[in-house]
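See structure below.
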Number of protein chains: 2
Amino acid sequence: MNSQDLQSNATLKDVAAAAGVSLATVDRVINGRPGVSDKTTRKVNDAIERLNFHPLAAAAELARSRPCRFAVLLPRGDNRFMADIADNIRAQAAWFRARRIAVEIIETNVFDADTLAAELAALTGRFEGAAVVALDHPRIRAAIDDLVESGMAVVTLVSDVPSSRRAHYVGIDNIAAGRTAGSLIGRFLGGRSGRVGVVTGSAALRDHAERLFGFGQVIAEEHPGLSLLPPVEGRDDPQQNRALVARLLADAPDLVALYNTGEGAAGIGAALADAGAARRILCVGHELTPDSRRLLLDGTFAALVVQDPGHEARSMARVLRALVSGRPILPAQEQIRVEVILRDNLP
Amino acid sequence: MNSQDLQSNATLKDVAAAAGVSLATVDRVINGRPGVSDKTTRKVNDAIERLNFHPLAAAAELARSRPCRFAVLLPRGDNRFMADIADNIRAQAAWFRARRIAVEIIETNVFDADTLAAELAALTGRFEGAAVVALDHPRIRAAIDDLVESGMAVVTLVSDVPSSRRAHYVGIDNIAAGRTAGSLIGRFLGGRSGRVGVVTGSAALRDHAERLFGFGQVIAEEHPGLSLLPPVEGRDDPQQNRALVARLLADAPDLVALYNTGEGAAGIGAALADAGAARRILCVGHELTPDSRRLLLDGTFAALVVQDPGHEARSMARVLRALVSGRPILPAQEQIRVEVILRDNLP
DNA sequence: CTGTTAGCGCGTTCAA
DNA sequence: TTGAACGCGCTAACAG
């Protein structure tokens with residue numbers, strides 16, 4: 001099963017010699033540039049095959065080597081998960097610099113379509129690529145399409161705009177994430193019945209909406225003993241979440257579980273602690289932050305459904321780079337997984 | 001928060017000019033080579049700082065560009081997970097070739113210490129790096145140490161030999177994996193009590209042993225209503241597992257759950273189906289294979305605790321490459337996570 | 001349609 | 001202790 005006994009290390013020059021043509025011609029064939037006769041093309045391809053030629057990545061990069069600029073649009077505010085993404089992008093600074101990639105992180109009000117659309121429009125011409133955490137809104141879709149039209153490589157990050165012409169989505173399947181949360185709650189409850197409270201950030205964000213959808217699906221299909229209370233919106237803000245959960249606890253005595261589709265876990269933990277209901281109400285939320293980690297460790301949360309911000313930052317970088325240099329991406333490596341974190345497999 | 005406004009793109013030549021020295025001298029300073037006076041070193045470092053110089057990765061690679069050879073020692077046999085690792089390594093063939101890395105996959109009897117030790121010894125001088133799925137055994141430890149002594153970069157894969165001098169372990173924390181499985185079973189059972197059967201591959205493999213340990217810990221500490229039956233060893237073989245589980249079902253009427261520390265899920269599924277106990281006994285196992293996927297989808301298994309063979313293959317490649325070229329590795333990117341797969345977040 | 005040639009930025013002899 | 005010069009393998013501009 002020896003993989004590569006036939007490691008060849010032939011160079012472009014070898015191919016040129018073998019085919020009886022010049023370097024430039026071989027280059028044209030390899031990179032699919034026009035202006036080569038069929039006969040010559042065949043000769044070259046033949047030589048490539050025979051010598052088992054494969055271009056050396058470093059040499060090609062060096063020779064191409066155009067500096068390039070990426071913009072990353074992140075929501076402004078104290079969202080911890082977004083801060084993690086930003087940190088992970090910054091942690092790659094050395095990687096970027098070593099490849100002459102300049103990345104600019106732009107924080108903006110992602111919730112306001114006009115602001116975001118304007119911010120997107122302002123990118124034109126200044127960057128070769130952009131990643132954006134975007135609201136799924138017609139105006140945003142149009143702004144993304146305009147950028148793509150202008151030749152920019154655009155990817156969505158964390159929350160997708162599937163109807164746009166973005167080249168790629170770097171993030172998880174949020175319906176699956178919601179379903180996973182639903183299954184965890186359903187199964188951890190072990191057949192008990194009762195009401196389940198749902199705290200969400202904002203129904204305007206596609207990722208939250210999709211999670212809610214997936215969650216509802218599973219509860220309805222597979223756990224008929226459970227019924228969902230109407231979702232309450234806390235904007236991912238701990239203070240608001242605290243108040244909302246306090247009310248939930250007061251209003252619904254048969255509350256058995258809580259699902260938080262977004263952030264602000266600290267508020268939920270506080271409300272539960274206030275009511276002395278901390279490990280009695282089963283809680284599942286999303287994303288790993290210092291707060292959610294603490295609440296997972298102390299048992300307030302039973303599980304967290306997460307995505308890896310480090311993976312997302314790296315994937316974004318690789319994908320944008322591949323896109324601007326016209327190379328293929330490896331789908332397997334770029335698929336961001338829906339992960340389940342219990343106290344025991346906390347990274 | 002603009003990240004890199006000060007993208008400099010200074011080259012070695014610029015630094016040399018700014019410092020008033022030659023290219024070679026700058027190179028000596030940067031790569032810590034001897035033979036530079038303190039004063040010159042200071043001048044150069046000063047210029048580097050001032051110009052915000054960062055070497056271009058592609059150029060450095062091209063100039064170094066020595067072909068190199070890696071060996072990967074995998075267990076022979078029909079272990080599906082190992083086959084996945086091998087497939088993922090082969091899937092990276094293009095990546096390897098573009099970097100003049102030849103990788104040879106060697107299948108051998110990992111369970112026999114003498115065979116494995118001999119196979120390891122035979123690597124000497126033929127490879128710059130090696131990854132090995134190793135038995136944790138004194139002879140193997142010695143063989144690994146000899147390779148390291150001879151200057152080879154050695155990493156363990158999937159199952160570690162922590163007492164050896166291997167430079168790195170590419171794999172998960174198996175105690176955490178076992179604990180995770182234990183928590184899932186305990187919580188999914190929702191307080192029910194009874195006996196839990198354990199099917200393991202071989203107690204000689206460190207990864208299986210560690211999982212068993214972590215699993216036992218959690219059950220004992222957190223689920224006192226549950227008691228573990230003595231583990232039965234099926235060598236990851238479906239046929240053996242089937243017979244073992246059939247006996248377990250017959251002997252222990254109060255069996256409420258099954259934990260499989262390794263492979264051969266199909267055998268467990270078959271035995272349960274035979275006994276008509278398929279979704280009554282809660283099952284948790286490891287690794288995602290066509291069999292385990294099917295059993296997860298049909299509800300026979302409630303959850304799978306897995307590691308990503310694709311990530312492991314890529315991590316192995318990056319780590320070995322970094323080691324042989326004396327570069328640092330990014331720990332965050334190389335940490336393999338213990339993942340939980342339910343039916344809903346199946347990749 | 002094809003070939004020549006000059007770099008890309010860094011490593012690495014060698015000689016001084 | 002330092003520097004000059006060549007080469008790594010590929011791309012791209014220009015010439016024919």
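Numbers restart at 1 for each chain; the letters A, B, ... are given by sequence-line order, proteins then strands.
- Among D:dC8, D:dC10, D:dT2, the nucleotide with an atom closest to any side-chain atom of B:T25 is D:dT2.
- Side-chain atoms of B:R28 come within donor-acceptor range of the base of D:dG3, with a qualifying N/O pair under 3.5 Å.
- Figure legend: B:R97 and B:W95 shown without cation-pi pairing, the cationic atom not lying both under 6.0 angstrom from the six-membered ring centre and within 45 degrees of its axis.
- Taking a cutoff of 4.0 Å between a charged side-chain nitrogen and a carboxylate oxygen, A:D87 and A:R90 qualify as a salt bridge.
- Under the 4.0 Å criterion applied to side-chain N and carboxylate O atoms, A:R166 and A:D145 are not assigned as salt-bridge partners.
- Protein atom NE2 of A:H54 is 16 Å distant from nucleotide atom C1' of D:dC10, rounded to whole Å.
- Panel note: side chain B:R100, backbone A:N9; no donor-acceptor pair is recorded below 3.5 Å.
- Side-chain atoms of B:T11 come within 3.5 Å of backbone N or O of B:K13 as a donor-acceptor pair.
- Atoms CD (A:E61) and C1' (D:dG9) sit 13 Å apart, rounded to a whole Å.
- Computed from C1' positions of five pairs at each end, the angle between the two local axes of the helix from C:dC1-D:dG16 to C:dA16-D:dT1 equals 30°, rounded to 10 degrees.
- A straight line from CG of B:L12 to P of C:dG11 spans 6 Å, rounded to a whole angstrom.
- Computed from coordinates, the B:D27 CG to C:dG9 P distance equals 16 Å when rounded to whole Å.
- With D:dA12, C:dT12, D:dT2 as the choices, the nucleotide that has an atom nearest any side-chain atom of B:S37 turns out to be D:dT2.
- Salt bridge B:R126/B:E104: present, at least one basic N to carboxylate O contact under 4.0 Å.
- Checking B:D27 against B:N31 by side-chain atom types alone, a donor-acceptor pair falls below 3.5 Å.
- When distances run from any side-chain atom of A:R64 to the nucleotides C:dC10, D:dA12, D:dA4, the shortest one goes to D:dA12.
- Between the side chain of B:R100 and the base of D:dG9, no donor-acceptor pair under 3.5 Å is found.
- Taking only side-chain atoms of B:A24, from C-beta outward, the nucleotide of C:dT2, C:dT12, D:dT11 with the closest atom is C:dT12.
- Between the A:T40 side chain and the A:V36 main chain, no donor and acceptor come within less than 3.5 Å of each other.
- Position along DNA chain D of the nearest nucleotide to B:T40 versus B:L62 favours B:T40 as the more 5'-ward residue.
- For the pair B:R66 and C:dT12, the criterion of a side-chain N or O lying under 4.0 Å from OP1 or OP2 is met.
- For the segment residues 13-23 of chain B, the set of residues with a heavy atom within less than 4.0 Å of an atom of DNA chain C is empty.
- Atom CZ of A:R42 and atom P of C:dT2 are 12 Å apart (whole Å).
- Look at CG on B:L56: it is 14 Å from C1' on D:dC8, rounded to the nearest Å.
- Salt-bridge annotation for B:E149 and B:R165: present, with a side-chain N of the basic residue lying under 4.0 Å from a carboxylate O of the acidic one.
- Taking atom CZ on A:R33 and atom C1' on D:dA13, their separation rounds to 11 Å, with Å as the unit.
- A donor-acceptor contact shorter than 3.5 Å is absent between the side chain of B:E334 and the backbone of B:V319.
- Distance CZ (B:R327) to P (C:dG11): 12 Å, rounded to an integer number of Å.
- Here the nucleotide nearest the side chain of B:N31, chosen from C:dG9, D:dC10, C:dG11, is C:dG11.
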